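Right, one structure below, let's go through it.
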There are 2 protein chains.
Amino acid sequence: MNLNQLELLRALQETQFNLSKAADKMHVVQSAVSRQLQLLETELGSPLFERHGKRLLGLTPLGERIMAEVDQIHRAKKNIQTMADDFRDNRNGTLHIATTHTQAKYLLPVPVQKFRRKYPGIKIYMVQSSPDNLINLLHQHQADIAICTEKLAEDDSLVLRPCYQWHHVAIVPAGHTLTEGKISLERLAAQPVLTYSPGFTGRSAIEKAFGEADLHPDIILAAADSDVIKTYVRLGLGVGIIAETSYEPGKDSDLVALDLEHLIPASVTKIAYLKQLYLPSYCCYFIDELLKEAEAKRT
Amino acid sequence: MNLNQLELLRALQETQFNLSKAADKMHVVQSAVSRQLQLLETELGSPLFERHGKRLLGLTPLGERIMAEVDQIHRAKKNIQTMADDFRDNRNGTLHIATTHTQAKYLLPVPVQKFRRKYPGIKIYMVQSSPDNLINLLHQHQADIAICTEKLAEDDSLVLRPCYQWHHVAIVPAGHTLTEGKISLERLAAQPVLTYSPGFTGRSAIEKAFGEADLHPDIILAAADSDVIKTYVRLGLGVGIIAETSYEPGKDSDLVALDLEHLIPASVTKIAYLKQLYLPSYCCYFIDELLKEAEAKRT
DNA sequence: TTGCGTTACGACTCTCGTAAGGATG
DNA sequence: CATCCTTACGAGAGTCGTAACGCAA
């Protein structure tokens, strides 16, 4: 048994048990992985994969259990390398941030700027995705940290750090009927509504609020980002419900923001990363800057 | 980086950073480990060991952190091998039991006998040691399970399974003054006492009971096992305090056992094993038999 | 026929052991 | 000077890549 053979098992799982594709992933020819797999299964004394003829179909029960340990080994090996790299030179490296559009545009700019100044040698990869996919990215080691508001609960393998609490605002063109009088969920629900796609940026809080009031707003447009919503609100399609932080008083002076703090429960944006994974020092610095920025926004 | 290099790190730690002894442990010549260590440190880019000249003195801070991951890898690798062995053939193997004299003599015989019948191919290694050392044996992977009463608390990495609850009895030769009238801690403390060594078989419960009554018995003999205590009680040296299960009505008919249940708090004997370590099926069977035996003793 | 996996064989790389040498207490 | 570690070099084991083959959709 050696580390390459264990990596091979991972590669096979990631390629739906296709030896040829796994070989590509491992940067060796296909016959090599065929042999290595045979050697490993011979050494362990039992097949690790279900086969139909020569084709691999999936893991055996033994294979399943072994894969869990292989993942542990992979993680530990990665930690060793990260630690060594970080120790030798913490000025170079890469930072993979997974987040949603809203956070990328309205929360991250200042921290990223500060980070660039302190760590000019670190490459930043920012991946935008849907909140439920962010956790996948973490688990697949394709992201170091994830920043988002929803879908981050009940996962024991994650560290969750509350970043900041915010609430929603309604946006309407100047002169809109909602700008007069007191805002309420009933009045909102009477209008065509534009807001975030399900699973994005506190959409669940919005649904909860309307649901508890037994209201069923007509959501005529759902988008992943605030800018799209604003655009169509400007076109007069209806009232937008977006995060307060996405309303920019300067640029959005043609729109009126109506505070919904008392109507829709507040949301908490969190930073998440894998509990068992070592974070390089620059990554911790970035998290600290994020928390500082959140603190600054709050006041 | 490969598994052998990581094993080498463990070997070095276990040999107080002596390359020559580590080489013996790894079954290779010393020059080989010297080179492998250099290769690893070169690959990681930083030294893992503090050196004075050519000698290794200890781990660097980086080395310390890496060793923690190496231990994880070692454990996972061991789990893979155990799983594969268990899956292929669960009739052969070894079971390392670490326990104290008392448990080995009075709790284990029946389960061991049943185990031998069901798994005649498994070799049983029974290690007797002091309770605080039992945990070390588990952590050093020199024992699969440990059975004892004391010193098993507050260790997050252990699974603790309460096995059975018992209490102490006082033993005296027939006709001893304590056999008349009602037993009490005061009357006990007035006699020379023979009992377990500190850390053994509920000794702490004994001390606690006397301590809370502000009594200071004269413990003239402390032994790790009940038989030694019985022997000297028979010689008339004083009153023995032993586990109830160690008093055998048949063999010990010359001694009188006085129940101390109401005087000394009960003790709980537990089975412990490493949380993160895979236990082969026969090991689980043995644990089950132990729990059954404990259940039988209780009734 | 194409895609997927296995087997055979020669080339190469890697690691080991032997042996000699340097440093340290 | 004995112990501990390093370096040099040749032998052997292990792994890879090429290529040919078997099998199934």
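Proteins come first, then strands; the chains are lettered A, B, ... in the order of their sequence lines, and each starts at number 1. In this text the structure is predicted, and so the values were computed from the model without any measurement.
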Integer-rounded Å distance: D:dC16 P and A:L39 CG:
9 Å

Starting at atom NZ of B:K54, determine the distance to atom C1' of D:dA2, rounded to an integer number of angstrom.
15 Å

Between CG of A:L3 and C1' of D:dT15 the distance, given in whole Å, is 16 Å

Just call it for A:V29: base, sugar-phosphate, or nothing, with non-hydrogen atoms closer than 4.0 Å on any strand.
base

Any donor-acceptor pair under 3.5 Å between the side chain of A:S34 and the base of C:dT7?
no

Nearest whole Å is fine: how far is D:dG14 P from B:N4 CG?
12 Å

Is B:Q36 near enough to C:dC16 that one of its side-chain N or O atoms lies under 4.0 angstrom from OP1 or OP2?
yes

On DNA chain D, check which nucleotide each of A:H52 and B:Q38 is closest to and give me the residue with the more 5' one.
B:Q38

With no hydrogens and no angle check, do the side chains of A:T149 and A:T201 hold a donor and an acceptor under 3.5 Å apart?
no

Atom pair distance, as rounded to whole Å: CG in B:N2 and P in D:dG14
14 Å

Kindly say if B:S31 contacts the phosphate of C:dA19, meaning a side-chain N or O under 4.0 Å from OP1 or OP2.
no

Check whether the side chain of B:R55 and the base of D:dT3 form a donor-acceptor pair under 3.5 Å.
yes

Would you indicate what A:F49 reaches in the nucleic acid, counting non-hydrogen atoms under 4.0 angstrom: base, sugar-phosphate, or nothing?
nothing

Would you call A:R10-A:E14 a salt bridge at under 4.0 Å N-O?
yes

Starting at CG of A:L37 and ending at C1' of C:dT7, how long is that distance when rounded to a whole Å?
15 Å

D:dG14 P sits how many Å from A:L40 CG, rounded?
16 Å

Think A:N18 has a side-chain N or O under 4.0 angstrom from the OP1 or OP2 of C:dC4?
yes

Considering residues, nucleotides and ligands other than B:R88, do more than 12 of their heavy atoms fall under 6.0 Å from its CZ?
yes

Among the nucleotides C:dT6, D:dT6, D:dT18, whichever has the atom closest to the side chain of A:L19 is C:dT6

5'-most contact on DNA chain D (nearest-nucleotide basis), A:V33 vs B:L56, goes to B:L56

In whole Å, what is the span from the CD atom of B:E43 to the P atom of C:dC14?
12 Å

Report yes if the distance between the aromatic ring centroids of B:H96 and B:H141 is under 6.0 Å, otherwise no.
no

Taking donor-acceptor contacts at under 3.5 Å, does the side chain of B:R35 reach the base of C:dG17?
yes

Tell me whether B:K21 at atom NZ has more than 12 heavy atoms from other residues, nucleotides or ligands lying less than 6.0 Å away.
no

